[in-house]
Structure formats: C-alpha cells, structure tokens
Amino acid sequence: MDGNGRWATQRGLPRGAGHRMGVEAIRRTAEAAPDLGIGTLTLFAFASDNWKRPETEVVGLMRLLKAYLRSETGRLARTGTRLTVFGRRDRLPAGIPEAIERAEAATAAGTKLSLRIAVDYSSRDAILAAAAGLGPEASREDLDRALRDDVGGPGDVDLLIRTGGEKRLSDFLLWEAAYAELHFTDRMWPDFGEADLAAAVADFARRDRRFGGLKPVPVAA
Ligand code: IPE
Ligand code: MG
C-alpha cells in the first residue's frame with residue numbers, strides 16, 4: 001500500500017490524512033476481494049524500515065493501527081474475514097500486541113477471506129529468523145513452513161500489487177513472491193478500490209505462468 005503521503009501532499013493535507021484515507025481503501029479492497037476469487041489478501045502496512053520515519057508519523061501510524069483493530073474487528077467478523085497480523089511484535093507500542101491478539105481471536109472463525117497484515121515486517125529478517133532454526137539438511141519446504149509458523153507468513157504469492165508508481169518489492173515477501181506475477185499501478189493507495197483490484201486480477205489472468213517450465217504443446221485431437 002504505497003502513496004498515502006503523496007496523495008495527501010498533492011491536496012495540501014498533512015501526510016496523516018493520507019494514511020487515514022488509506023484505511024478506507026483497505027476496507028474497500030477487502031470487501032471486493034472474495035467476489036474476485038481472492039481467498040487471501042496480504043497487505044504491507046508497516047515495514048521494519050518505516051521506523052526510520054519521523055516519530056510523529058510513526059506514532060500516527062501506530063495510533064491508526066490501534067483504531068483500525070478496534071473499529072474493524074466487528075465488521076471483519078460479520079463479513080467472514082479472518083484477520084492475522086505478521087511481523088515482529090516486540091517493538092510495537094504498549095497495547096498494540098494485545099489489540100492484535102483480540103482482533104485475531106475475534107475473527108478466527110472467518111472463512112470467506114484471510115486478511116493478513118504485515119506490521120514491523122522485513123522479509124530479509126523473517127527469512128533469517130526462520131533459517132536460523134533449521135539444520136543444514138533443511139529443504140525448501142522446511143523453510144517455507146518455518147516462515148509460515150514463525151512469522152505467520154502467507155505462503156506463495158500469486159499476484160503482487162504495488163500502488164503509488166514505485167516499481168520495487170521493498171523487502172516484502174521475497175521468498176514467497178519467487179513466482180508472483182507483479183502488477184504495478186500509479187494509483188495512490190487512498191484512491192485504490194474495487195475497479196483497480198479487478199483490473200489487477202484481469203492482468204493476472206492474462207499472464208502465462210510457467211514456473212520455469214514450458215508452455216504445454218497442444219495435442220492434436
Ligand atoms: C503508505 O504510503 C505506506 C506506509 C508506510 C504506511 P507512504 O507513506 O509510503 O506514502 P508516500 O510513498 O510517501 O506517498
Ligand atoms: Mg511510500
């Protein structure tokens with residue numbers, strides 16, 4: 001989810017206003033996902049590298065996260081959305097880990113959509129932490145499992161969307177996105193909605209996914 005700050009600046013608003021509007025985009029996107037055939041929606045909300053931002057912005061983002069968890073849990077439970085948060089929890093401000101646990105518990109029965117939000121997440125750190133617990137004979141599947149268990153990661157990513165015009169992965173799901181189809185859009189995150197998600201899914205459907213193999217040769221009847 002990129003472009004909140006620029007969205008606000010372009011309108012002469014403080015960056016925090018963009019982050020607040022970004023929450024609306026999360027709501028729209030999560031609600032549109034199941035009808036587009038999406039079972040798991042993973043959002044990058046706060047990167048471990050985002051701690052480098054000015055303290056006022058970081059504090060504002062953490063407040064927003066807390067408010068989101070408090071105000072959205074009921075709606076998520078009602079719409080069958082299971083919320084899980086992954087990333088480090090030991091550096092989050094007091095009260096936030098508890099709020100995450102409450103939201104996860106209250107939405108645990110949801111089966112319509114798995115909504116995963118990355119907070120204080122770094123893919124490199126996650127891979128390092130998962131690999132540290134494995135022996136020299138470990139397989140790809142072992143690391144895959146460790147990344148899911150330790151960090152609650154989503155597993156293989158089919159489609160990776162980045163908004164806001166940047167074309168990079170910025171330490172997001174590097175292992176899991178090995179064969180992800182990449183979709184970049186100039187849309188700023190606060191403007192993102194159902195039509196943009198549908199366009200990304202349509203783009204994805206046109207891709208020829210070979211996973212390193214060859215396209216099967218059509219067999220004559
Ligand atoms: C949202 O957009 C991403 C977060 C870290 C919350 P940005 O804050 O990166 O917005 P831009 O890139 O400055 O426009
Ligand atoms: Mg940005």
Side-chain angles (χ1 to χ4, degrees), residues 1-33 40-73 76 81 83-93 95-97 99-100 103 115-126 151-154 157 159-174 176-177 180 182-197 199-200:
M1 302 185 284
D2 197 15
N4 293 352
R6 281 165 288 161
W7 182 94
T9 306
Q10 284 160 6
R11 287 161 180 76
L13 300 167
R15 292 176 56 84
H19 294 314
R20 279 195 297 281
M21 288 303 285
V23 176
E24 300 296 326
I26 293 178
R27 206 169 281 144
R28 287 195 300 271
T29 307
E31 273 167 22
T40 301
L41 179 67
T42 307
L43 303 173
F44 201 1
F46 190 87
S48 296
D49 282 328
N50 289 147
W51 292 117
K52 294 175 194 163
R53 292 189 180 195
E55 201 190 333
T56 47
E57 179 158 345
V58 170
V59 168
L61 283 167
M62 290 298 155
R63 277 205 193 117
L64 202 56
L65 172 62
K66 206 168 174 184
Y68 173 80
L69 293 168
R70 194 178 325 114
S71 69
E72 287 299 298
T73 299
L76 293 173
T81 306
L83 177 76
T84 35
V85 176
F86 64 103
R88 281 181 66 166
R89 294 199 184 172
D90 58 310
R91 300 189 290 200
L92 299 176
I96 299 228
I100 291 171
L115 177 64
R116 299 180 163 274
I117 303 188
V119 177
D120 194 0
Y121 174 79
S122 149
S123 184
R124 286 174 161 184
D125 286 349
V151 209
V157 172
L159 168 63
L160 191 147
I161 303 170
R162 182 167 186 152
T163 60
E166 312 287 7
K167 293 181 180 64
R168 53 177 171 258
L169 299 186
S170 301
D171 204 8
F172 188 53
L173 301 177
L174 301 177
E176 294 85 346
L182 308 180
H183 178 90
F184 298 102
T185 166
D186 289 336
R187 187 86 67 219
M188 297 293 154
W189 176 252
D191 288 330
F192 195 86
E194 186 174 1
D196 300 292
L197 188 61

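Remember, it's 1-based here, ligands and their atoms both numbered in the order they're listed.
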Worksheet item: Taking all atoms of both residues into account, what is the closest heavy-atom pair of Pro190 and Gly18, and its distance?
Response: CG-O, 3.7 Å
Practice prompt. Please name the pair of heavy atoms, one in Gly5 and one in Arg15, separated by the smallest distance, quoted to 0.1 Å.
Written response: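 In this case the closest contact between Gly5 and Arg15 is CA-NH1, 3.4 Å.
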Worksheet item: In terms of the angle between their ring planes, are Phe44 and Phe172 parallel, tilted or perpendicular, with boundaries placed at 30° and 60°?
Response: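 The rings of Phe44 and Phe172 lie parallel, inter-plane angle below 30°.
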Atoms in ligand 1 with a heavy atom of [X] nearer than 4.0 Å:
X     : result
Arg6  : 11 (P), 12 (O), 14 (O)
Arg53 : 5 (C), 7 (P), 8 (O), 9 (O)
Arg15 : 7 (P), 8 (O), 10 (O), 13 (O)

Heavy-atom contacts under 4.0 Å between [X] and ligand 1: side chain, backbone, both, or neither?
X     : value
Leu61 : side chain
Gln10 : neither
Asn4  : both

Worksheet entry | Test log, rule side-chain contact (heavy atoms from CB on, under 4.5 Å), inputs Ser48 and Arg124 | CA-CA 10 Å; Ser48 296; Arg124 286 174 161 184; over 6 Å; no
Worksheet item: Does CZ in Arg20 sit with more than 12 non-hydrogen atoms of other residues, nucleotides or ligands closer than 6.0 Å?
Response: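 12 or below, so no.
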Item to complete: Have a look at Ile100 and tell me which of Val85, Val119, Leu83, Ile117 forms a side-chain contact (heavy atoms from CB on, under 4.5 Å) with it.
Response: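 Single side-chain contact (heavy atoms from CB on, under 4.5 Å) partner of Ile100 among Val85, Val119, Leu83, Ile117: Val85.
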Worksheet entry | Partners passing side-chain hydrogen bond (donor to acceptor under 3.5 Å, both in side chains) against Arg53 (at least two apart in sequence or in another chain) | Glu57
Fill in: Identity and distance of the protein heavy atom lying nearest atom 5 (C) of ligand 1
Asn50 OD1, 3.3 Å
Worksheet item: Of the protein's non-hydrogen atoms, which lies at the shortest distance from atom 9 (O) of ligand 1, and what is that distance?
Response: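 It is Asp2 OD1, 2.8 Å.
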Item to complete: Considering just N/O/S atoms, say which atom of Asp2 is closest to the Mg ion (ligand 2).
Response: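 Asp2's closest N, O or S atom to the Mg ion (ligand 2) is named OD1.
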Discussion item. Quick test of your reading of the structure: of Ser170, Ala47, Ala45, Gly5, whose heavy atom lies closest to atom 6 (C) of ligand 1?
Written reply: Ala45
Worksheet entry | Selection from Met1, Met188, Glu57 by shortest heavy-atom distance to atom 1 (C) of ligand 1 | Met1
Fill in: Glu166 near the Mg ion (ligand 2): N/O/S under 2.8 Å
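No N, O or S atom of Glu166 is closer than 2.8 Å to the Mg ion (ligand 2), so no.
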Worksheet item: Within a strict 4.5 Å, meaning less than it, do heavy atoms of the Arg162 and Ser170 side chains meet?
Response: yes
Item to complete: Could you establish whether Glu166 and ligand 1 come within less than 4.0 Å of each other, counting only heavy atoms on the residue side?
Response: no
Discussion item. Any heavy atom of Gly3 closer to ligand 1 than 4.0 angstrom?
Written reply: yes
Worksheet entry | Check: Phe192 main-chain N/O paired with Arg28 side-chain donor or acceptor under 3.5 Å |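 Answer holds: yes.
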